[in-house]
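For reference, the structure is listed below as structure tokens.
Throughout, a chain's letter reflects where its sequence line sits, starting with A, and its residues are numbered from 1. What's counted below: heavy atoms across the whole structure, side chains too, no hydrogens, waters or symmetry copies.
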Protein chains: 2
Amino acid sequence: MEAKEILKAHVAKLALLTNEQFDYFFSHFKKESFKKGQAVITEGDPVDCEYFVISGCLKSFYINDDLKMFILQFAMPTWWASDYNALYSHTRASINVDCIADAEVLCLTNGDREKLCSELHNVEHFFRWRTNKGYVAAQKRLLSFMNNDAKHRYEELLKLYPELYNMVPKSLIAAYLGVSRETLSRLYHP
Amino acid sequence: MEAKEILKAHVAKLALLTNEQFDYFFSHFKKESFKKGQAVITEGDPVDCEYFVISGCLKSFYINDDLKMFILQFAMPTWWASDYNALYSHTRASINVDCIADAEVLCLTNGDREKLCSELHNVEHFFRWRTNKGYVAAQKRLLSFMNNDAKHRYEELLKLYPELYNMVPKSLIAAYLGVSRETLSRLYHP
DNA sequence: CTTCGAATGTGACGTAGGTCACATGTCCTC
DNA sequence: GAGGACATGTGACCTACGTCACATTCGAAG
């Protein structure tokens with residue numbers, strides 16, 4: 001399926017756009033490709049885009065003072081990724097985004113998103129609902145952190161995204177779960 | 001300050017409404033009062049409102065199978081609270097909301113919010129930005145969970161909301177931080 | 001003033017998970 | 001097919017935090 005079709009199907013789930021509206025909406029996106037390992041957003045840099053993943057996979061992550069990495073999100077196809085704090089408040093990136101499996105993405109600048117939102121009520125509706133889904137998912141993950149142990153969270157993640165098991169190294173999954181790679185390894189090799 | 005003025009000032013931070021628009025917007029809210037300890041949303045019940053806090057304080061929380069409580073959010077004045085998952089997906093509540101300090105709130109039904117959002121582009125803009133702020137805050141809290149120990153998170157919380165220290169029992173703060181009340185107590189009484 | 005219950009402190013001990021060190025396996029690349 | 005980077009397993013030990021039990025403090029109701 002074409003990138004345009006993928007985005008169209010994704011948008012249609014949350015908002016009703018006419019073909020003309022969607023064409024106009026789509027005309028603001030720029031297609032880009034990233035190779036595995038390539039940086040997309042680097043901490044400290046200005047941020048001006050958000051990215052809609054067509055194929056491959058990105059991750060957004062934070063590196064603390066001890067150089068330990070924590071993964072906020074794996075962005076699989078039809079997911080969005082960016083540093084939304086930096087994007088909305090026009091500050092420099094405080095997190096990183098990079099590519100973990102050769103990816104095709106559609107970029108939308110912050111300015112274009114706001115323009116589209118104010119021009120097309122439908123588009124603003126779409127982004128409100130998309131953000132709401134993200135908010136609810138983040139709350140669920142917070143609860144899971146407080147309530148469940150590492151093994152439980154690991155199985156939860158794999159049930160949600162079985163592809164991850166073969167797609168990314170276990171050390172990245174550990175960084176998403178918030179445990180060390182050794183602990184993750186021992187869960188099933190006691 | 002009047003409830004109406006408080007809401008008006010809050011909305012004005014994120015969206016530009018004319019006086020007429022705001023009056024219309026405000027006319028959909030219903031004022032309600034809750035006493036300390038009173039339930040606002042109960043797990044298993046249908047949810048049809050979100051609540052804007054004028055005074056006092058609510059909490060949203062989850063009770064797990066072992067009857068342990070985890071607090072998702074303290075809702076102080078000018079904060080919103082509800083079960084947004086249930087609200088948006090029309091399912092029954094999976095979390096609870098109750099009152100922890102006698103509170104005055106403004107209720108907005110899900111139907112009215114969606115009606116207002118579709119009638120007034122401005123209002124949809126407001127809710128998109130409000131939700132985005134909530135999303136960014138949830139991601140920050142997730143990172144803090146992965147990165148920081150209990151003491152660090154406690155001090156972070158108190159810096160953000162010093163009122164909480166005297167307003168709510170430490171056991172509730174522990175339930176927000178995701179540690180036992182004993183551990184919280186020992187942080188400063190070693 | 002007394003009494004009761006909620007909130008908090010604290011000791012003893014258990015456990016999940018972290019850290020460091022090293023071994024093994026795997027798949028490129030030259 | 002040798003060398004090197006990366007992913008994973010594993011042993012020994014450490015630490016933050018949980019759990020249970022009991023003591024203390026304090027404020028509201030009688």
Side-chain angles (χ1 to χ4, degrees), chain A residues 35-39 57 59 61-71 74 98-102 141-158 163-190, chain B residues 35-39 57 59 61-71 74 98-102 141-158 163-190:
Chain A
K35 287 275 163 204
K36 180 175 171 174
Q38 207 178 334
C57 187
K59 70 173 194 281
F61 60 104
Y62 173 73
I63 306 273
N64 77 358
D65 301 338
D66 304 332
L67 300 182
K68 232 166 101 172
M69 183 193 1
F70 302 97
I71 294 181
F74 292 112
D98 72 9
C99 175
I100 56 182
D102 293 1
R141 192 165 163 217
L142 261 172
L143 269 186
S144 184
F145 254 99
M146 299 201 263
N147 198 9
N148 305 133
D149 63 13
K151 187 164 185 173
H152 196 113
R153 297 203 301 280
Y154 183 47
E155 285 166 2
E156 214 169 57
L157 177 68
L158 286 186
E163 325 85 281
L164 282 178
Y165 187 83
N166 295 312
M167 194 176 198
V168 311
K170 301 279 168 292
S171 57
L172 291 189
I173 293 184
Y176 178 90
L177 297 175
V179 298
S180 69
R181 58 158 206 88
E182 291 94 333
T183 294
L184 181 60
S185 165
R186 274 188 262 264
L187 289 181
Y188 293 94
H189 304 272
Chain B
K35 288 276 164 203
K36 180 175 170 175
Q38 207 179 335
C57 187
K59 70 173 194 281
F61 61 103
Y62 173 73
I63 305 273
N64 77 359
D65 300 338
D66 304 332
L67 301 183
K68 231 166 101 172
M69 183 194 359
F70 301 98
I71 294 181
F74 291 112
D98 71 8
C99 174
I100 56 181
D102 292 2
R141 192 164 161 217
L142 261 172
L143 269 186
S144 185
F145 254 99
M146 299 201 264
N147 198 8
N148 304 133
D149 63 12
K151 185 165 185 172
H152 197 114
R153 296 203 303 279
Y154 183 47
E155 286 165 1
E156 213 168 59
L157 177 67
L158 287 185
E163 325 85 282
L164 282 179
Y165 187 82
N166 296 310
M167 195 174 196
V168 311
K170 302 279 168 293
S171 57
L172 291 189
I173 294 184
Y176 178 89
L177 297 174
V179 297
S180 69
R181 57 158 207 88
E182 292 94 331
T183 294
L184 182 59
S185 164
R186 275 188 260 265
L187 290 180
Y188 293 95
H189 304 272

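- Between Phe145(A) and Phe145(B), the ring planes lie tilted relative to each other; the angle falls in the 30° to 60° range.
- Relative orientation of the Tyr188(A) and Tyr154(A) rings is tilted, given thresholds of 30° and 60° on the angle between their planes.
- Distance alone, capped at 3.5 Å, places no donor-acceptor pair between the Lys68(A) side chain and the Tyr62(A) backbone.
- Taking the side chain as every heavy atom from C-beta outward, Val179(A) and Arg153(A) approach each other to under 4.5 Å.
- Atom C1' of nucleotide dT19(D) and atom CG of Leu67(B) are separated by 15 Å, given to the nearest angstrom.
- dT10(D) atom C1' lies 14 Å from atom CG of Leu187(A), rounded to whole Å.
- Here Ser180(B) lies in heavy-atom contact (under 4.0 Å) with a base.
- Nucleic acid contact for Gly178(B): sugar-phosphate only, since backbone atoms but no base atoms lie under 4.0 Å from a heavy atom of the residue.
- Of the candidate nucleotides dG18(C), dG17(C), dT19(D), dG18(C) has the atom lying nearest to any side-chain atom of Lys68(A).
- When the C1' atom of dG17(C) is taken as reference, atom CE of Met146(B) falls 16 Å away, rounded to whole Å.
- The side chain of Val179(B) approaches dG18(D) more closely than any other nucleotide in the set dT10(D), dC20(D), dG18(D).
- To the nearest angstrom, P of dA7(D) lies 14 Å from CG of Leu184(A).
- A distance of 10.0 Å separates CE of Met167(A) from CZ of Phe74(A), quoted to the nearest 0.5 Å.
- OP1 and OP2 of dG9(D) both lie 4.0 Å or more from every side-chain N or O belonging to Lys170(A).
- Closest to the side chain of His189(B), out of dA7(C), dG9(D), dT10(C), is dT10(C).
- For the pair Phe145(B) CZ and dA16(C) C1', the computed distance is 16 Å after rounding to whole Å.
- For a distance-only test at 3.5 Å, the side chain of Arg186(B) fails to qualify as a donor-acceptor partner of the base of dT15(D).
- dC13(D) atom P lies 17 Å from atom CD of Glu182(A), rounded to whole Å.
- Lys151(B) comes within contact range of no nucleotide atom at all, as no heavy-atom separation falls under 4.0 Å.
- Between the CZ atom of Arg181(A) and the P atom of dA21(C) there is a distance of 13 Å, rounded to whole Å.
- Here Thr183(B) does not reach the OP1 or OP2 of dC17(D): none of its side-chain N or O atoms lies under 4.0 Å away.
- Separating the CE atom of Met69(A) from the P atom of dA7(D) is a distance of 10 Å, rounded to the nearest angstrom.
- For Asp149(A), the side-chain atoms get nearest to dG17(C) when compared with the rest of dT8(D), dA7(C), dG17(C).
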